[in-house]
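To start, the structure itself, in structure tokens.
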Amino acid sequence: MPLPPADPHSSTDPHAPTAAPPRFPAGFLWGAATSAYQVEGATTEDGRTASIWDTFCRTPGKVFQGHSGELAVDHYHRFREDVRLMADLGLTAYRFSVSWPRVQPTGHGPGVQHGLDFYRRLADELLSAGITPVATLYHWDLPQELESAGGWPERATAERFAEYAGLVGEALGDRVGQWTTLNEPWCSAFLGYGSGVHAPGRTDPVAALRAAHHLNLGHGLAVSALRGVLPATARLSVSLNLHALRPLTPSEADRDAVRRIDAVGNRVFLGPMLEGAYPEDLLADTAHLTDWAFVRAGDPKEIHQPLDWLGVNYYTPTVVSATAEGAAPAREDGHGGGTASPWPGADRVGFHPAPGERTSMGWAVDPSGLHQLLTDLARSHPNLPLMVTENGAAYEDEPGADGTVDDPERAAYIHAHLAAVHRALTDGADVRGYFAWSLLDNFEWAYGYAKRFGLVHVDYPTQTRTPKTSAHWYARVARTDELHPPTAD
Ligand code: FCB
């Protein structure tokens, strides 16, 4: 029987015309991200004091197998090697965070030169490799001394944060041009003070709401402080883990659950930061807990500072429902269990696993959530450039017999999410860059070292770095600005 003619559209036909891969705009930043406590180690060197995460890690039962960031991946000593890795991978940007207790150990007064010099050297190394440094001022490592004085639920912490921002801005402003005030203040406020699964481990819904406000205020005050010390060319931002929400069913009750979580998960920050006001429905939903008297008259204006771009961190969508009378709400929100809820005023909202394939965090892989967030923001804030400041996946990567680390799932995850970013660009969203979480396998908070998110594998006992196959694929995308499929390599 004669063979049928080759199908010109079949992907198995080597002669088939292939569509050109999606192309990203010239100058699009191709980055990877880390944070100080997750990678630096050296927690007691050169004058650094304890942060709330050092304390939390020492508290029995809080972190998987008592792991801590004490050594982490030793980035404090190995940053030169790590910058070389980034350069080899063709990255054009690196998002790192500054450790507050390393540069201002007590949270008061002048900065510590040793600490500031570390970030100066890191920035210099990046610049000489042609990599844009993007500095985040707060990625969850509050100096313990400030927590002991009350932490984020207290207004003074916002004021301390602005002072710290000013001193870091002054020290690094000649070499760092891209700044982010806070990373994911939702996690700081609601996982730190609400459900208690993150440091400092408090479980008080009112403290969580107070913390959210003082993080907002800290952001606004820090932006003003930075504008005062940075050159006019500096670009300022904040990174939010916005929840891409879906109702479990189209019912009105489930759509109201979406509204409620949108208020306490997203608009609690977007409202004051981008519009200068807290959403009325959030105040109403939480009125039985607090009258929000901790918000002073001038605060919303202080928080509402012009931003140069907004950072969006996205991993998985959030599916919610209203809970029937008498039933216990489903709690699969992907935020790590805990008996207390991180959702003040939303006690009757149920959280459900999104459909589809899962990463080893148990998070569903669904890039449409990223497209949804980027295009919604582009519609609501058309003049605000966007950056995807975190996106990535944990899988159980192990080196093979030949020493290589093959992680096709991660490459597929990032490819699918970059395709979603490209669709958002085509649909008019002004997205300027993408940062894979993470450059290196590292300390994944309450999961310790049990979850590997890196493009680069780290063998913890020897600290050997091995770029995974996803890193080699991502390098090709970064070098060409073209979204080649991972399997073509
Ligand atoms: C984000 C954090 C980051 C990392 C990833 C997996 O919420 O900002 O530090 O833990 O999740």
Side-chain angles (χ1 to χ4, degrees), residues 31-40 51-53 56-57 62-64 67-69 72-73 75 94-100 134-142 180-192 194-195 197-199 215 219 237-244 265-266 269 310-318 333-338 342 358-365 369-370 373 387-397 407 409-410 413-414 417 434-456 458 470:
T34 64
S35 87
Y37 191 71
Q38 294 179 276
V39 298
E40 284 180 5
S51 75
I52 53 175
W53 269 95
F56 195 66
C57 290
K62 296 296 187 191
V63 174
F64 177 75
H67 291 175
S68 81
V73 294
H75 188 58
Y94 177 48
R95 174 177 182 254
F96 61 94
S97 81
V98 176
S99 161
W100 189 348
V134 181
T136 298
L137 286 167
Y138 186 73
H139 200 127
W140 307 353
D141 46 356
L142 186 70
T180 298
T181 54
L182 305 170
N183 176 71
E184 302 190 355
W186 184 86
C187 295
S188 299
F190 296 101
L191 300 181
S195 67
V197 299
H198 279 187
L215 283 152
H219 158 79
S237 68
V238 63
S239 284
L240 303 177
N241 59 315
L242 296 174
H243 298 83
N266 297 337
F269 301 107
L310 177 71
V312 175
N313 293 0
Y314 172 81
Y315 292 89
T316 191
T318 304
D333 62 6
H335 292 299
R358 308 288 180 84
T359 70
S360 76
M361 295 295 282
W363 297 345
V365 178
L370 182 55
L373 290 176
M387 264 315 176
V388 178
T389 38
E390 280 183 32
N391 175 244
Y395 290 105
E396 263 133 57
D397 316 307
D407 59 341
E409 305 95 334
R410 179 170 295 98
Y413 178 101
I414 296 179
H417 286 77
Y434 174 92
F435 292 77
W437 183 272
S438 179
L439 175 69
L440 301 155
D441 290 338
N442 61 46
F443 174 77
E444 179 49 33
W445 308 114
Y447 297 90
Y449 296 95
K451 304 291 177 194
R452 293 180 178 273
F453 273 93
L455 290 169
V456 175
V458 179
S470 63

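In this text the structure is predicted, and so the values were computed from the model without any measurement. Whatever order the structure lists ligands and atoms in, that order sets their numbers, starting from 1.
Ser35 places no side-chain N or O within donor-acceptor distance of the main-chain N or O of Ser97, the cut-off being under 3.5 Å. Without hydrogens or angle criteria, Thr181 side chain to Val238 main chain gives no donor-acceptor distance under 3.5 Å.
For ligand 1, the polar-atom distance check finds no N/O of Trp363 at less than 3.5 Å from any of the ligand's N/O atoms. Taking only nitrogen or oxygen atoms, main chain and side chain alike, Trp445 reaches within less than 3.5 Å of ligand 1. Residue contacts with ligand 1: Trp437 is placed with no nitrogen or oxygen under 3.5 Å of a nitrogen or oxygen of the ligand (distance criterion only). Considering backbone and side-chain N/O atoms, Ser35 never comes within less than 3.5 Å of an N/O atom of ligand 1.
Near Glu444, meaning under 4.0 Å from any of its heavy atoms, are these atoms of ligand 1: 4 (C), 6 (C), 10 (O). Close approach of ligand 1 to Asn183 (heavy-atom distance below 4.0 Å) involves ligand atoms 8 (O). Taking every non-hydrogen atom of Phe453 and a distance limit under 4.0 Å, the qualifying atoms of ligand 1 come out as 6 (C). Every atom of ligand 1 with a heavy atom of His139 under 4.0 Å away is listed here by number and element: 2 (C), 3 (C), 8 (O), 9 (O).
Protein heavy atom closest to atom 3 (C) of ligand 1, with residue, atom name and distance, is Glu390 OE1, 3.4 Å. The nearest protein atom to atom 7 (O) of ligand 1, hydrogens excluded, is given as Glu184 OE1, 2.5 Å; this is a heavy-atom distance. Among protein heavy atoms, the minimum distance from atom 5 (C) of ligand 1 is reached at Tyr315 OH, 3.3 Å.
Of the inter-residue distances, the one linking Ser239 atom OG with His139 atom NE2 reads 9.0 Å to the nearest 0.5 angstrom. One finds the CG atom of Leu142 at 13.5 Å from the OH atom of Tyr37 (value rounded to the nearest 0.5 Å).
Residues Asn391 and Tyr413 share a closest heavy-atom pair of ND2-OH, 3.3 Å.
The proximity of Met361 to ligand 1, defined as any non-hydrogen pair under 4.0 Å, does not occur for either the backbone or the side chain.
Relative ring orientation between His243 and Trp186 is described as perpendicular, the plane-to-plane angle rising above 60° on a 0-90° scale split at 30° and 60°. Taking the six-membered ring where tryptophan is involved, the planes of Tyr449 and His67 are tilted, since the angle between them lies from 30° to 60°.
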Report the C-alpha distance between Arg452 and Asp407 in whole Å, list the side-chain angles of each, state the deciding distance to 0.1 Å, and finish with yes or no for salt bridge (Lys or Arg N to Asp or Glu O under 4.0 Å).
CA-CA 11 Å; Arg452 293 180 178 273; Asp407 59 341; over 6 Å; no

